[in-house]
2 protein chains.
Amino acid sequence: MERLLRRIDDEIVSTGGKRSRSRAHIMGIFFRSGRHLTVEELTRKARVKNRNIGAATVYRTLKLLARMGYAKELDFGEGAKRYESSLTAHHDHLVCTSCGNVAEFEEPRIEKLQEKVARQHGFSPTMHRLAIYGQCRGCAPSGEKEKTG
Amino acid sequence: MERLLRRIDDEIVSTGGKRSRSRAHIMGIFFRSGRHLTVEELTRKARVKNRNIGAATVYRTLKLLARMGYAKELDFGEGAKRYESSLTAHHDHLVCTSCGNVAEFEEPRIEKLQEKVARQHGFSPTMHRLAIYGQCRGCAPSGEKEKTG
DNA sequence: CCCCAAAATGACTATGATATTCATTTTCAT
DNA sequence: ATGAAAATGAATATCATAGTCATTTTGGGG
Ligand SMILES: [Mn+2]
Ligand SMILES: [Mn+2]
Ligand SMILES: [Zn+2]
Ligand SMILES: [Zn+2]
């Protein structure tokens, strides 16, 4: 973890950038926090330890991490984007439209089929976005109660 | 087609709405046009015949059609949403990041696997968004030219 | 055809996420 | 320590979309 942060900073320096306290703080919180954070959520967390972190810096840091390949931008259609560390293996998402919870899944057969479909269309895929929306276990009506509301 | 427009208007009337020239014009162009249109694109087309169609009305019409189930909102992460008629069967999209072209595909096995994955997570899916990004046939480098740029 | 209340319109303004600007502060090689 | 480049943060700009509101359109009685 410390290793990771140092590696990223080194990479920034090697491309003409400079180290920065604010950015280091933001990155630390980002990689330590739960996944699928909003810029606003991350800013709030960052400001707990350093009251004068600006939202602009959080936006810039996340964009930088995304550009460097250490973060992924997610868009579940909520208005604001979410970000997650890209250190874990590729996966797609289950988004609960009731409580907002986001679960992750990996399905190699879906991945394969996507490759296949793309190939059949003469298409060279570089990435994809798959999000399944619905109700998570806790939010789905089990029997038939609460049809209204 | 005329039938469809009349059916939609009737449905609007049956829920307390009134017919409208502007809206009829916008709907006509929407259903007649190619798929995956932006509000701005549709507004431009609509204004050719009627110079004073307001963008607000196009937004409202599209929202209305979406609410009534006759249009689907798509978001390929371009900034602006796209809309398509929902009269065709469900399908997902291949988006070319070079020329912007959007192709459609249907892969029942992917659909099934999504259901299965959701079930395994105790999740009740209601919809999903799948978009594959990359280069279409015309935009993909065939051999090995143009590695840079 | 006329009236009129409800609905729709379109110009304008508001909103909200994100990007940009710019004066100030940090960083760091010399 | 010094200075130039990079980073910051507050303020402002941008851009898609939503809301406001005065005006126009619609359509069901007279
Ligand atoms: Mn995830
Ligand atoms: Mn389509
Ligand atoms: Zn839930
Ligand atoms: Zn293309």
Side-chain angles (χ1 to χ4, degrees), chain A residues 5-6 8-30 36-44 46-68 71-83, chain B residues 5-6 8-30 36-68 71 73-83:
Chain A
L5 297 183
R6 202 166 308 118
I8 296 176
D9 261 11
D10 288 352
E11 204 172 319
I12 291 172
V13 168
S14 80
T15 58
K18 291 182 177 173
R19 291 166 214 283
S20 135
R21 289 233 129 61
S22 298
R23 192 174 54 206
H25 180 229
I26 293 167
M27 291 196 300
I29 293 180
F30 174 66
H36 319 128
L37 284 182
T38 273
V39 173
E40 191 273 329
E41 290 166 355
L42 184 54
T43 303
R44 193 145 23 85
R47 276 211 249 255
V48 171
K49 283 281 177 193
N50 182 345
R51 205 60 57 91
N52 45 348
I53 293 281
T57 304
V58 182
Y59 275 101
R60 283 190 279 240
T61 299
L62 255 5
K63 276 287 178 218
L64 179 63
L65 289 176
R67 221 178 318 127
M68 294 173 71
K72 281 206 187 78
E73 271 189 9
L74 306 173
D75 188 345
F76 298 140
E78 305 164 299
K81 289 189 177 65
R82 291 183 177 276
Y83 288 84
Chain B
L5 296 183
R6 202 165 309 118
I8 295 176
D9 260 9
D10 287 351
E11 203 173 320
I12 291 172
V13 168
S14 81
T15 60
K18 288 183 178 171
R19 292 165 213 284
S20 135
R21 290 232 130 58
S22 298
R23 192 172 55 207
H25 181 228
I26 294 167
M27 291 195 301
I29 293 181
F30 174 66
H36 318 128
L37 283 181
T38 274
V39 173
E40 191 273 330
E41 290 167 355
L42 184 54
T43 303
R44 193 145 22 85
K45 280 170 181 277
R47 277 211 249 255
V48 171
K49 282 282 175 187
N50 181 347
R51 205 60 56 93
N52 46 347
I53 293 282
T57 303
V58 182
Y59 275 102
R60 284 190 279 241
T61 300
L62 254 6
K63 278 287 179 216
L64 179 64
L65 289 176
R67 217 174 326 122
M68 293 173 71
E73 271 189 9
L74 307 173
D75 187 346
F76 297 140
E78 305 164 298
K81 290 188 178 66
R82 290 183 179 277
Y83 289 82

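Letters A, B, ... are given to chains in the order of the sequence lines, protein chains preceding strands, and every chain is numbered from 1.
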Sorted by chain and residue number, the ring-ring contact (aromatic ring centres under 6.0 Å, His included) partners of H25(A) (sequence neighbours excluded) come out as none

- prompt: By ring-ring contact (aromatic ring centres under 6.0 Å, His included), which residues pair with Y59(A), not counting sequence neighbours?
  reply: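 Scan of Y59(A) (ring-ring contact (aromatic ring centres under 6.0 Å, His included), adjacent residues dropped) gives none.
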
Pick base, sugar-phosphate or nothing for A56(A), based on heavy-atom distances below 4.0 Å to the nucleic acid.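 Base: the residue A56(A), judged by heavy atoms under 4.0 Å, touches a nucleobase.
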
key: Members of residues 21-30 of chain B that approach DNA chain C, where some heavy atom sits under 4.0 Å away   =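 Within residues 21-30 of chain B, the residues near DNA chain C are S22(B), R23(B).
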
Short of 4.0 Å, heavy atom to strand atom, which residues of residues 8-19 of chain B count as contacting DNA chain C?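 Heavy-atom contacts with DNA chain C come from G16(B), G17(B), K18(B).
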
Value in whole Å for how far the [atom2] atom of [N] lies from [atom1] of [X]:
X: E40(B); N: dC15(D); atom1: CD; atom2: P; value: 12 Å
X: N50(B); N: dT24(D); atom1: CG; atom2: P; value: 15 Å
X: F76(B); N: dA16(D); atom1: CZ; atom2: C1'; value: 17 Å
X: Y59(A); N: dT8(D); atom1: OH; atom2: P; value: 16 Å
X: E78(A); N: dT17(D); atom1: CD; atom2: C1'; value: 17 Å
X: N52(A); N: dT8(D); atom1: CG; atom2: C1'; value: 10 Å

Contact check, side chains of [X] and [Y], non-hydrogen atoms, under 4.5 Å:
X: R23(B); Y: L64(B); value: yes
X: N50(B); Y: R21(B); value: no
X: K81(A); Y: L62(A); value: no
X: I8(A); Y: M68(A); value: yes

5'-most to 3'-most nt of DNA chain C touching chain B (<4.0 Å, heavy-atom partner on protein side) reads dA5(C) to dA11(C)

Would you call R19(A) and D10(A) a salt bridge, taking side-chain N to carboxylate O under 4.0 Å as the test?
->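 Looking at R19(A) and D10(A), the cut-off is met.
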
Assess the residue pair Y83(B) and V39(B) against the criterion (side chain to side chain contact (heavy atoms under 4.5 Å, CB included)); give the C-alpha distance rounded to whole Å, side-chain angles, the decisive distance to 0.1 Å, and a yes or no. CA-CA 8 Å; Y83(B) 289 82; V39(B) 173; 3.8 Å; yes

Hey, which sits more toward the 5' end of DNA chain D by its nearest nucleotide, A80(B) or R51(A)?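 This one resolves to R51(A).
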
*asked:* Which is more 5' along DNA chain D, the nucleotide nearest V39(B) or the one nearest T57(A)? Just name the residue.
replied: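 Its nucleotide being nearer the 5' end, the pick is T57(A).
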
What one should report as the nearest heavy-atom pair of L5(B) and G28(B) is CD1-CA, 3.9 Å

Notebook entry, point to check: Ignoring hydrogens and angles, are the base of dG9(D) and the side chain of R60(A) linked by a donor-acceptor pair under 3.5 Å?
Noted result: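 Indeed there is one.
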
Residues at least two apart in sequence or cross-chain that pass side chain to side chain contact (heavy atoms under 4.5 Å, CB included) with T57(A), listed by chain then number, are S22(A), I26(A), R60(A), T61(A)

Between R82(A) and the options E73(A), E41(A), E40(A), the salt bridge (charged side-chain N to carboxylate O under 4.0 Å, His left out) test singles out E41(A)

